[in-house]
Amino acid sequence: RWDGEARLAAIVERLDDAVFETDGDGRWSFLGGGWTSLTGVAPGDRIGHDAAESVVAAERDAFRATLAAVLAGARPDVRCEVGCLTADGG
């Protein structure tokens, strides 16, 4: 039998979506397994970095505004789709 946290972690690691968490300053604190398949970048290479740095320039300001609203408590969570930079810079 799995405990709830371990089961959730296993599910998140198998998702194709980039499930993530940031700290209170908007830096990546968790990146699920889908991150690498979508970007080609290992999660460990981005943890602690400004999350907006991973978003394509054209969508970066909107991403920052959405993230700021979540961090300020105006929104408890959010599902958003943004273009992320890949390992080759694309």
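- Looking at every heavy atom in both residues, T86 comes nearest to L38 through CG2-O, 4.0 Å.
- V56 shares a hydrophobic cluster with L85; the chain of contacts runs through ILVMFWY side chains whose heavy atoms sit under 4.5 Å apart.
- Listed by first then second residue, pairs satisfying salt bridge (charged side-chain N to carboxylate O under 4.0 Å, His left out) with a partner in residues 63-76 read D50-R64, not counting sequence neighbours.
- Expressed to the nearest 0.5 Å, how far CZ of R60 lies from CG of L67 amounts to 13.5 Å.
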Step-by-step side chain to side chain contact (heavy atoms under 4.5 Å, CB included) determination, W28 to F20: CA-CA 7 Å; W28 298 125; F20 66 86; 3.1 Å; yes
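- You'll find the side chain of S54 reaches within 4.5 Å of the side chain of W35, heavy atoms only.
- Within the 3.5 Å criterion, the main-chain N or O of S29 finds no donor-acceptor partner in the side chain of E21.
- The minimum heavy-atom distance linking G32 with P43 is given by the pair O-CG, 4.3 Å.
- Every residue meeting the salt bridge (charged side-chain N to carboxylate O under 4.0 Å, His left out) condition with D23, not counting sequence neighbours, appears here in chain and number order: R27.
- When hydrophobic clusters are built by joining Ile, Leu, Val, Met, Phe, Trp and Tyr residues whose side-chain heavy atoms come closer than 4.5 Å, directly or via intermediates, L71 is grouped together with I47.
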From CA spacing to verdict: side chain to side chain contact (heavy atoms under 4.5 Å, CB included), T36, V41: CA-CA 5 Å; T36 301; V41 178; over 6 Å; no
